[in-house]
Novice: 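One structure is given below, represented as structure tokens, and several questions about it will come after.
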Amino acid sequence: MPELPEVETMRRGVARVTGAIIQDALAFDFGYKPIRITPSIGRLRQRVRGRKIVDVDRIGKRVLLRLDNQAALVFEPRMTGIVLIADPPNQIHLRFQLKLEKPKGNIFFWDRRGLGSVRLLTASQQQQELGPAKLGPDALLITAEQMQERLGASRRAIKAALLDQRVLAGVGNLYASELLHLARVHPARRCDRLTRRQWSLIHQAMNAILEEAIRYEGSTLSDGAYRNALNQDGGYQNCHRVYDREGEACLTCQTGKIQRIVQSQRSTFFCPHCQTKRPARAVG
DNA sequence: CATATGTCCTGAGAGC
DNA sequence: TGCTCTCAGGACATAT
């Protein structure tokens, strides 16, 4: 499930084609339900042919190809989508392809489950679709103070709140568990019960985990869906402290057994020993 | 308004 | 072995 580290890894790989010209755009379905492509592939094709890719960006969990007319192609991987410049893992789940020239090459969007999308957005559409009404600050750019401002009065559980892309963009289910473990905060703790110190710890842990995961090029889970832009595995799955480790010993305290709970229909993993449910004690 | 739940989609894995 | 069933969770739609 591509979250910020996986999408950032794809972005870095795809950035190699910066400067290339788009020769053509193709959509595929191979008998599956087609993914969402907007506008229609015919219109999109007309509008991107001959355009130069001037930059490759990331906003939250999306990859943006910025074109020389201020438009951007926005790839949204959701559960199993990936953006590659090397040949994808197979052909049947190939959903979209850009043929490039000067120099020759390709960008592929491959998506096993087909929940992802490709959208061509004008500058004003980008403001609408990627602006503050839809997406909060990027998880690597938001400050601890901003997080507390945005969530400090919320009654939601911190784990669920971290997944809300309108609050901050980039954290998903896997890294939410990982970062709360590093911050030693219980995932069910209500936001409005967190102290300023805990917000600071969460913020610090979030940056540390996301940056570490980027260094390892993201997490390739057992389904093998996530690959980097060159169709290679990530390495961070071997570093998970809690995710998908139910019943195993906590690597940090060697005492607790990792527990799995369900929050908003999603699995959360945590160490009951490191991440106590009790509120932080008042100091002094 | 804030928060919670249902839905989409395919393939892996469990159980029989 | 092959069938059926459940589950995985990103973002959005709909419900409370």
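Letters go in sequence order (proteins before strands), and every chain restarts at 1.
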Novice: Nearest whole Å is fine: how far is C/dC12 P from A/L163 CG?
Specialist: 14 Å
Novice: Determine: side-chain N/O of A/K33 to OP1/OP2 of B/dC8, distance under 4.0 Å, yes or no.
Specialist: no
Novice: For A/Q165 and B/dT3, what is the distance between atoms CD and C1' respectively, to the nearest whole Å?
Specialist: 17 Å
Novice: How close or far is atom P of C/dG10 from atom NZ of A/K134, stated in whole angstroms?
Specialist: 19 Å
Novice: Going by salt bridge (charged side-chain N to carboxylate O under 4.0 Å, His left out), name the residues that satisfy it together with A/R266, two or more places apart in sequence or in a different chain.
Specialist: none
Novice: Please report the distance, rounded to the nearest Å, between CG in A/D164 and P in C/dA11.
Specialist: 10 Å
Novice: Identify the heavy atoms of A/R66 and A/I59 that sit nearest to each other, and give their distance.
Specialist: NH2-CD1, 4.3 Å
Novice: Taking the six-membered ring of A/F75 (Phe, Tyr or Trp), confirm whether the NZ or CZ of A/R58 is under 6.0 Å from its centre and within 45° of its axis.
Specialist: no
Novice: Can you tell me how far P of B/dT10 sits from CH2 of A/W110, to the nearest Å?
Specialist: 13 Å
Novice: For A/M1, answer base if it contacts any base atom (sugar-phosphate contacts may also be present), sugar-phosphate if it contacts only those atoms, and nothing otherwise; contact means non-hydrogen atoms under 4.0 Å.
Specialist: sugar-phosphate
Novice: Is the closest basic N to carboxylate O distance between A/K134 and A/E129 below 4.0 Å?
Specialist: yes
Novice: Detail all sub-3.5 Å separations between protein N/O atoms and N/O atoms belonging to nucleotides 11-13 of chain B.
Specialist:
from: B/dG11; atom 1: OP1; to: A/Y32; atom 2: OH; distance (Å): 2.8
from: B/dG11; atom 1: OP1; to: A/H93; atom 2: NE2; distance (Å): 2.7

Novice: Measure from CD on A/Q263 to C1' on C/dG10 and round the result to the nearest Å.
Specialist: 17 Å
Novice: So what does A/Y243 hit on the nucleic acid, given a heavy-atom distance under 4.0 Å: a base, only sugar-phosphate, or nothing?
Specialist: sugar-phosphate
Novice: How is A/T80 classified with respect to the nucleic acid when contacts are heavy atoms under 4.0 Å: base, sugar-phosphate, or nothing?
Specialist: nothing
Novice: If I take atom CG in residue A/L162 and atom P in nucleotide B/dT3, what distance separates them, rounded to the nearest angstrom?
Specialist: 14 Å
Novice: If you assign A/Q265 and A/A153 each to the DNA chain B nucleotide with the nearest heavy atom, which residue ends up on the more 5' nucleotide?
Specialist: A/A153
Novice: So what is the end-to-end bend of the helix from B/dA2-C/dT16 to B/dC16-C/dG2, with 5 pairs used at each end and the value given to 10 degrees?
Specialist: 50°
Novice: Look at the side chain of A/R155 and decide which nucleotide, out of C/dA11, B/dT5, B/dT3, has an atom nearest to it.
Specialist: B/dT3
Novice: Side chains of A/W110 and A/N231 only: does a donor on one sit below 3.5 Å from an acceptor on the other?
Specialist: no
Novice: Under 4.0 Å between a Lys/Arg side-chain N and an Asp/Glu carboxylate O for A/D68 and A/R51?
Specialist: yes
Novice: C/dA8 C1' sits how many Å from A/R266 CZ, rounded?
Specialist: 9 Å
Novice: Under a 4.0 Å threshold between the charged nitrogen and the carboxylate oxygen, would A/D244 count as salt-bridged to A/R260?
Specialist: no
Novice: Could you check whether A/G114 gets within reach of a base, just the sugar-phosphate, or nothing at all, counting any heavy atom under 4.0 Å?
Specialist: nothing
Novice: Tell me the closest heavy-atom pair linking A/H240 and A/S219, and the distance in Å.
Specialist: NE2-OG, 2.8 Å
Novice: Under 6.0 Å between the ring centres of A/F96 and A/F109?
Specialist: no
Novice: For C/dA8, take OP1 and OP2 only and decide whether either is under 4.0 Å from a side-chain N or O of A/S267.
Specialist: yes
Novice: May I ask you to check whether A/F30 and A/Y32 place their ring centers less than 6.0 Å from one another?
Specialist: no
Novice: Please work out if A/S154 contacts a base, only the sugar-phosphate, or nothing of the nucleic acid, heavy-atom cut-off 4.0 Å.
Specialist: sugar-phosphate
Novice: Pick the nucleotide of DNA chain C nearest each of A/R260 and A/R36; which residue has the one closer to the 5' end?
Specialist: A/R260
